[in-house]
Q: 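I'd like to ask some things about the structure below.
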Amino acid sequence: MRDPARAADLLDWYDRHARDLPWRVGPRARAAGIRPDPYRVWLSEIMLQQTTVPAVKPYFEAFTTRWPTVSDLAAAEDADVMAAWAGLGYYARARNLLKCARVVAAEHGGVFPQGLEGLLSLPGVGPYTAGAVAAIAFDIPATVVDGNVERVMARLHAEHTPLPQAKPILTEMAAALTPQERPGCYAQAVMDLGATICSPRNPACGLCPWRSACAAWEAGTMAELPKKAPKKRKPTRLGIAYLVRRVDGAWLLERRPDKGLLGGMLGWPGSEWGEAPEEAPPIAAEWKALNTEARHTFTHFHLRLTVKTALVPMDRPPERGEFVEAEDFDPKDLPTVMRKAYDLARSG
DNA sequence: TACCCGTGGCT
DNA sequence: TAGCCAAGGGT
């Protein structure tokens with residue numbers, strides 16, 4: 001059940017209010033025949049997964065400056081890409097980003113697949129990202145459903161089924177509205193609407209191009225939609241991190257395994273994180289515990305990290321990890337929890 | 001299916 | 001302050 005008039009209202013709004021974003025080719029430029037670079041569209045969509053536009057901007061600029069094409073990225077060192085991603089979170093995205101770039105370079109001649117199925121087969125590309133790249137880069141009328149679209153649909157149709165149960169229903173609603181004309185602009189428009197007008201709190205209904213059709217507006221229930229299943233509370237885990245400095249200034253660091261939390265990232269050697277962590281010093285040394293813990297909250301638990309420091313001589317080999325020369329070490333290459341531990345150690 | 005996986009800004 | 005929230009995918 002298509003509704004071209006509804007889509008047209010939104011496209012009209014988008015033509016007047018589209019945000020200017022570094023990875024976006026705006027409606028005017030698109031109308032003039034300028035096509036977005038699929039590499040930049042894909043890169044931005046991966047970075048934007050569960051991540052806000054302001055957080056993504058500097059990373060997008062850094063990546064596209066350093067690796068202007070997908071083939072450049074495919075040729076990068078793993079450690080360089082992980083370091084460049086440090087701080088952005090969800091590090092599996094970075095590992096899959098590199099995998100995907102290498103697949104595109106090696107198996108597709110450096111050209112992104114131009115259909116939904118081909119895109120979906122790429123590492124790190126799921127239904128949302130495949131749809132977004134297909135629509136935005138290739139003007140395929142794919143239905144794009146992210147958190148914004150779910151919210152817009154739940155309100156537009158006053159759907160009170162809680163997420164994630166409501167996902168298939170909301171997806172069907174979104175599909176029914178997706179137009180054949182200007183699918184790239186439409187995909188960006190409906191997400192912009194959710195991001196700027198139909199926001200989670202205090203939606204700006206007075207400015208909404210779909211207000212007259214909105215069931216939640218009619219019923220006054222905008223603020224309670226979409227319904228969500230109650231969340232579990234996060235447990236607190238404890239851990240110990242060992243920050244070892246060699247007398248020449250080198251730091252003792254350890255590459256974390258590819259799978260699991262902070263997979264593939266550099267970090268300080270440490271204990272397991274749990275209810276009662278056992279000491280696990282990576283080198284023989286005289287330890288000094290800082291009087292302040294590093295606190296950090298991950299997706300599903302809180303962490304309180306005790307930081308212990310030591311200074312060791314040149315000739316003492318570590319049992320775990322490797323010394324990184326001071327000139328090769330940049331705390332910005334660390335995931336945030338590790339950088340917090342570093343900041344604490346430096347400030348005393 | 002349910003769980004795993006970061007981060008920073010906002011209220 | 002503690003919880004909520006954001007352009008999800010993998011397993």
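Letters go in sequence order (proteins before strands), and every chain restarts at 1. Since the structure is predicted, the reported quantities are computational estimates derived from the model, not experimental observations.
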Q: Ignoring backbone atoms, test whether A:Lys259 places a side-chain nitrogen or oxygen under 4.0 Å from the OP1 or OP2 oxygen of B:dC4.
A: no

Q: Report the distance from atom CG of A:Asn96 to atom C1' of B:dC4, rounded to the nearest whole Å.
A: 14 Å

Q: A:Gln165 CD to B:dA2 P: how many Å, rounded?
A: 10 Å

Q: Could you tell me how far apart A:Lys227 (NZ) and C:dC5 (P) are, to the nearest whole angstrom?
A: 12 Å

Q: Would you please confirm or rule out a distance under 4.0 Å between OP1 or OP2 of B:dG6 and any side-chain N or O of A:His296?
A: no

Q: Give a yes or no on whether a donor-acceptor pair under 3.5 Å exists between the nucleobase atoms of C:dG8, that is its base, and the side chain of A:Thr129.
A: no

Q: What is the nucleic acid contact for A:Pro123, judged by heavy atoms within less than 4.0 Å: base, sugar-phosphate only, or nothing?
A: sugar-phosphate

Q: Once you apply a heavy-atom cut-off of 4.0 Å, does A:Leu21 come out as touching a base, just sugar-phosphate, or nothing?
A: base

Q: Please report the C-alpha distance between A:Arg66 and A:Asp72 in whole Å, then the side-chain angles of each, then the deciding distance to 0.1 Å, and finally whether the salt bridge (charged side-chain N to carboxylate O under 4.0 Å, His left out) criterion is met.
A: CA-CA 8 Å; A:Arg66 188 165 178 185; A:Asp72 295 323; over 6 Å; no

Q: Please state whether the rings of A:Tyr342 and A:Trp251 are parallel, tilted or perpendicular, taking 30° and 60° as the class boundaries.
A: perpendicular

Q: Checking all strands, does A:Val144 fall into the base, sugar-phosphate, or nothing category for heavy-atom contacts under 4.0 angstrom?
A: nothing

Q: Hey, does A:Leu88 reach any base, or is it just sugar-phosphate, or nothing, if we go heavy atoms under 4.0 Å?
A: base

Q: Look only at the side chain of A:Arg151 and the backbone of A:Gly194, and say whether a donor-acceptor pair between them is shorter than 3.5 Å.
A: yes

Q: Quick one: is A:Lys228 getting a side-chain N or O under 4.0 Å of the C:dA6 phosphate, OP1 or OP2?
A: yes

Q: Does the base of B:dG8 carry an N or O that pairs as donor and acceptor with the side chain of A:Thr51 under 3.5 Å?
A: no

Q: How many Å lie between CG on A:Leu119 and P on C:dG8, as a whole number?
A: 17 Å

Q: What is the nucleic acid contact for A:Lys232, judged by heavy atoms within less than 4.0 Å: base, sugar-phosphate only, or nothing?
A: sugar-phosphate

Q: From C:dA6, B:dT7, C:dG8, pick the nucleotide closest to the side chain of A:Pro200?
A: C:dA6

Q: Here's a test of your reading of the structure: between A:His302 and A:Gly147, which maps to the more 5' nucleotide of DNA chain C?
A: A:His302

Q: May I have the distance from A:Tyr59 (atom OH) to B:dG8 (atom C1'), rounded to whole angstrom?
A: 10 Å

Q: Using a cut-off of 4.0 Å on non-hydrogen atoms, how would the nucleic acid contact of A:Gly87 be classed: base, sugar-phosphate, or nothing?
A: sugar-phosphate

Q: Can you check the A:Arg295 CZ to B:dG6 C1' distance for me, whole Å?
A: 19 Å

Q: Send over the distance from A:Leu334 CG to B:dG6 P, rounded to a whole Å.
A: 14 Å

Q: With nearest nucleotide decided by heavy atoms, which residue, A:Leu48 or A:Val125, maps closer to the 5′ end of DNA chain C?
A: A:Leu48

Q: Does A:Gln50 place a side-chain N or O at less than 4.0 Å from the phosphate oxygens OP1/OP2 of C:dG8?
A: yes

Q: Taking atom NZ as the centre, does A:Lys234 end up with more than 12 heavy-atom neighbours from other residues, nucleotides or ligands that are less than 6.0 angstrom away?
A: yes

Q: Hey, can you tell me if A:Tyr39 and A:Trp42 have their rings parallel, tilted or perpendicular (30° and 60° cut-offs)?
A: tilted

Q: Between C1' on C:dT11 and CG on A:Asp258, what's the gap in Å once rounded to a whole number?
A: 15 Å

Q: Would you find a donor on one side and an acceptor on the other, under 3.5 Å apart, between the side chain of A:Glu159 and the backbone of A:Thr161?
A: yes

Q: Would you tell me if any nitrogen or oxygen in the side chain of A:Tyr90 comes within less than 4.0 Å of OP1 or OP2 on B:dC4?
A: no

Q: Students often get this wrong, so: under 4.0 angstrom with heavy atoms, is A:Lys231 touching a base, only sugar-phosphate, or nothing?
A: sugar-phosphate

Q: Once you apply a heavy-atom cut-off of 4.0 Å, does A:Gly260 come out as touching a base, just sugar-phosphate, or nothing?
A: sugar-phosphate

Q: So does A:Arg339 get a side-chain nitrogen or oxygen closer than 4.0 Å to the phosphate oxygens (OP1/OP2) of B:dG8?
A: yes

Q: Answer yes or no: does a side-chain N or O of A:Thr336 lie under 4.0 Å from OP1 or OP2 of B:dG6?
A: no

Q: If the P atom of C:dG9 is compared with that of B:dG8, how far apart are they to the nearest Å?
A: 22 Å

Q: With a distance cut-off below 6.0 Å to the six-membered ring centre and an angular limit of 45° from the axis, does A:Arg211 pair with A:Trp217 as a cation-pi contact?
A: yes

Q: Does a nitrogen or oxygen in the side chain of A:Thr297 sit under 4.0 Å from OP1 or OP2 of C:dA2?
A: no

Q: Within the structure, does a side-chain N or O atom of A:His300 lie under 4.0 Å from either OP1 or OP2 of B:dC5?
A: yes

Q: With a 4.0 Å cutoff (strictly under), does any side-chain N or O of A:Arg151 reach OP1 or OP2 of C:dA6?
A: yes

Q: Between A:Asn202 and A:Leu261, name the one whose nearest nucleotide on DNA chain B is closer to the 5' end.
A: A:Leu261

Q: Report yes if a side-chain nitrogen or oxygen of A:Thr52 is closer than 4.0 Å to either non-bridging phosphate oxygen (OP1 or OP2) of B:dT7; otherwise report no.
A: no

Q: Quick one: does A:Thr129's side chain have a donor or acceptor within less than 3.5 Å of a partner on A:Gly126's backbone?
A: no

